Protein chains: 2
Amino acid sequence: MNDSGENGEKKKSRRPSQERTAQRDPERTRAAILEAATREFAENGMGGARVDAIAERAGTNKRMLYHYFGDKEQLYLKVLEEAYVGIRTAERALHIGDRSPEEGIGELALFTWRYFLKHPEFLSLLGTENLHRARWLRQSVRLKELHSHLIGELTDVLNQGKKQGVFIETADPLHVYLTIASLGYFYLSNQYTLSTIFGRDLLEPTHLNAWERHIVHVTLASIKR
Amino acid sequence: MNDSGENGEKKKSRRPSQERTAQRDPERTRAAILEAATREFAENGMGGARVDAIAERAGTNKRMLYHYFGDKEQLYLKVLEEAYVGIRTAERALHIGDRSPEEGIGELALFTWRYFLKHPEFLSLLGTENLHRARWLRQSVRLKELHSHLIGELTDVLNQGKKQGVFIETADPLHVYLTIASLGYFYLSNQYTLSTIFGRDLLEPTHLNAWERHIVHVTLASIKR
DNA sequence: CCATCAAGTAACTGTTTAGTTACCGGCTTG
DNA sequence: CAAGCCGGTAACTAAACAGTTACTTGATGG
């Protein structure tokens with residue numbers, strides 16, 4: 001990227017020990033730890049995650065992990081924050097107010113379902129955090145502001161639909177969002193026990209597609225006049 | 001952490017054979033361990049639960065725990081099995097086929113929501129088991145048969161409703177059950193993160209009642225013609 | 001070429017944990 | 001009453017764990 005600028009980055013000029021320089025990469029190490037931690041926490045929960053395992057997965061060691069993130073709890077909070085930022089950022093890009101109210105809600109339902117499907121680690125982290133009664137999330141100032149936007153946008157779309165006479169007057173923005181999230185979350189996060197007790201693989205494409213259609217159907221049926 | 005507070009009862013006096021007999025109560029000890037384990041596993045997950053804590057909560061010690069249940073994993077499986085038996089037994093007593101189809105489905109939705117509300121430990125155990133991909137549940141032969149009854153009964157009620165022309169033809173029994181369970185499970189099991197990010201206490205009676213009505217409304221709206 | 005600093009390694013420490021063992025005391029039965 | 005069984009206690013052990021410290025290695029700058 002930056003070839004000419006002298007300042008800042010450690011240049012590798014003098015001795016062409018390029019490999020050495022590439023090997024030493026704080027940014028990359030930090031990112032690797034964060035990603036490894038995301039997987040480890042998602043797979044094992046806060047109590048089950050092992051700091052040694054994270055270091056190993058990241059291709060580094062505990063010394064660096066503690067250097068960059070302080071301790072296990074701070075690392076966990078960072079992971080959780082990043083996960084929330086991820087979904088809310090993608091959500092914002094939807095601009096559900098740009099279409100008709102009905103299409104807007106349908107879009108949001110589809111997006112949420114597909115995001116959950118693509119990011120099982122996000123669901124798992126939510127589960128872990130709730131097991132601990134949002135102990136770490138509550139400490140995060142950064143996240144609370146992220147969510148007012150979502151409710152605001154949903155309120156606008158619902159109001160527009162009510163004005164047009166396509167939605168019922170009692171439709172509530174938080175309820176609509178919770179409905180969409182419920183149907184996606186439960187199906188995926190409980191897929192293992194559900195598949196076991198009902199004797200069907202819920203992850204089969206046929207069933208996944210049927211459930212996707214079901215979510216949109218239920219969401220709209222519950223608010224249409 | 002461990003305040004060794006009251007050291008009240010040491011060795012009970014020697015004589016009274018009645019108290020001795022009452023004190024020695026294998027059934028009660030077993031039950032106490034099972035109940036203590038249910039709470040401990042629900043609150044801390046499989047990885048976070050402590051065998052010592054279970055023994056202490058049960059008013060006994062590890063020796064007895066290992067004597068009655070083998071090891072931590074077997075105890076956990078027993079807890080999980082009992083939790084499932086609990087809900088499925090109560091569910092059976094509903095006899096949802098005795099009313100009109102619409103009332104039957106409404107009853108099932110109400111029952112499920114209220115059962116979840118009353119038994120947070122059941123939801124938590126489900127979450128833990130799914131984090132581990134149903135590793136222990138899959139070993140349990142006992143549980144699979146418990147669930148065919150539920151689907152069978154639901155199928156009958158839906159068919160009756162279709163015949164009467166009140167339900168749409170595409171209504172699917174598993175989908176209906178998953179819808180009901182989703183709406184209850186997500187709201188309650190994720191109440192801590194949701195309350196935090198949306199800045200509302202979801203457990204307030206007003207909100208609980210609103211959500212109860214919402215679940216029945218959504219369920220019926222999604223299958224009514 | 002030596003001093004310095006930053007990235008990274010690996011062995012170590014104190015504590016916690018699941019699981020075990022040695023033992024106690026009363027009850028039942030021969 | 002002796003033998004042993006059964007419910008129960010408490011101290012112990014080996015392993016695992018989060019977090020720390022002493023050290024290595026190589027780039028940079030005077």
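Letters A, B, ... are given to chains in the order of the sequence lines, protein chains preceding strands, and every chain is numbered from 1. Everything quoted here is computed from the prediction, not taken from an experiment.
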inquiry  = Using whole Å, what does the distance between atom C1' of nucleotide C:dT17 and atom CG of B:Asp71 come to?
reply    = 14 Å
request  = Quickly work out the A:Lys72 NZ to D:dG19 P distance and round it to whole Å.
outcome  = 7 Å
request  = Decide whether A:Tyr115 and A:Glu91 meet the rule of one side-chain donor and one side-chain acceptor closer than 3.5 Å.
outcome  = no
B:Ser222 vs A:His214, side chain to side chain donor-acceptor pair (under 3.5 Å): CA-CA, chis, key distance, verdict = CA-CA 9 Å; B:Ser222 73; A:His214 182 74; 5.4 Å; no
query = With respect to the phosphate group of D:dG7, does any side-chain polar atom (N or O) of B:Thr29 fall under 4.0 Å of OP1 or OP2?
reply = no
task = Whole angstrom is fine here: how far is it from CD1 in B:Ile54 over to P in C:dA18?
result = 8 Å
ask   = Using a heavy-atom distance cut-off of less than 4.0 Å, which residues of residues 30-39 of chain B contact DNA chain D?
value = none
key: Candidate pair A:Arg114 and A:Glu212, rule salt bridge (charged side-chain N to carboxylate O under 4.0 Å, His left out), full reasoning   = CA-CA 8 Å; A:Arg114 288 175 183 164; A:Glu212 176 174 293; 2.8 Å; yes
request  = Round to a whole Å and report the spacing from CZ of B:Arg50 to P of C:dT16.
outcome  = 11 Å
key: Rounded interatomic separation in angstrom, taking NE2 from A:His67 and P from C:dC5   = 14 Å
query = Which residue lies toward the 5' end of DNA chain C, B:Glu73 or A:Tyr68, if each is placed at its nearest nucleotide?
reply = A:Tyr68
inquiry  = Tell me the interatomic distance from A:Glu27, atom CD, to C:dA6, atom P, rounded to whole angstroms.
reply    = 16 Å
request  = Starting from P on C:dG19, measure out to CG on B:Leu75 and report it in whole angstrom.
outcome  = 10 Å
query = Does the side chain of B:Thr193 pick up a donor-acceptor pair with the side chain of A:Asn130 at under 3.5 Å?
reply = yes
remark   = B:Asn44 atom CG is separated from C:dT16 atom P, nearest whole Å, by 16 Å
key: Non-neighbouring partners of A:His207 that pass side chain to side chain donor-acceptor pair (under 3.5 Å), sequence neighbours left out   = none
remark   = Between A:Gly70 and A:Gly48, the residue closer to the 5' end of DNA chain D by nearest nucleotide is A:Gly48
request  = Could you work out which one of C:dA18, D:dG19, C:dA7 sits closest to the side chain of B:Tyr66?
outcome  = C:dA18
task = Just jot down the side chain to side chain donor-acceptor pair (under 3.5 Å) partners of B:His119, sequence neighbours excluded, or say none.
result = none
key: B:Lys72 atom NZ, neighbour heavy-atom count above 12 within 6.0 Å   = yes
inquiry  = Short of 4.0 Å, heavy atom to strand atom, which residues of residues 55-65 of chain A count as contacting DNA chain C?
reply    = A:Thr60, A:Asn61, A:Arg63, A:Met64
Which side-chain N or O atoms in residues 33-51 of chain A pair as donor and acceptor under 3.5 Å with protein atoms at least two apart or in another chain?
from, atom 1, to, atom 2, distance (Å)
A:Thr38, OG1, A:Leu34, O, 2.8
A:Glu40, OE1, A:Asn44, ND2, 3.4
A:Glu40, OE1, A:Arg57, NH1, 2.8
A:Glu40, OE2, A:Asn44, ND2, 3.1
A:Glu40, OE2, A:Arg50, N, 3.0
A:Glu43, OE1, A:Arg57, NH2, 3.2
A:Glu43, OE2, A:Arg57, NH2, 3.1
A:Asn44, ND2, A:Glu40, O, 3.3
A:Arg50, NH1, A:Gly47, O, 3.3

key: Listed partners of B:Trp136 passing side chain to side chain donor-acceptor pair (under 3.5 Å), at least two apart   = B:Glu73
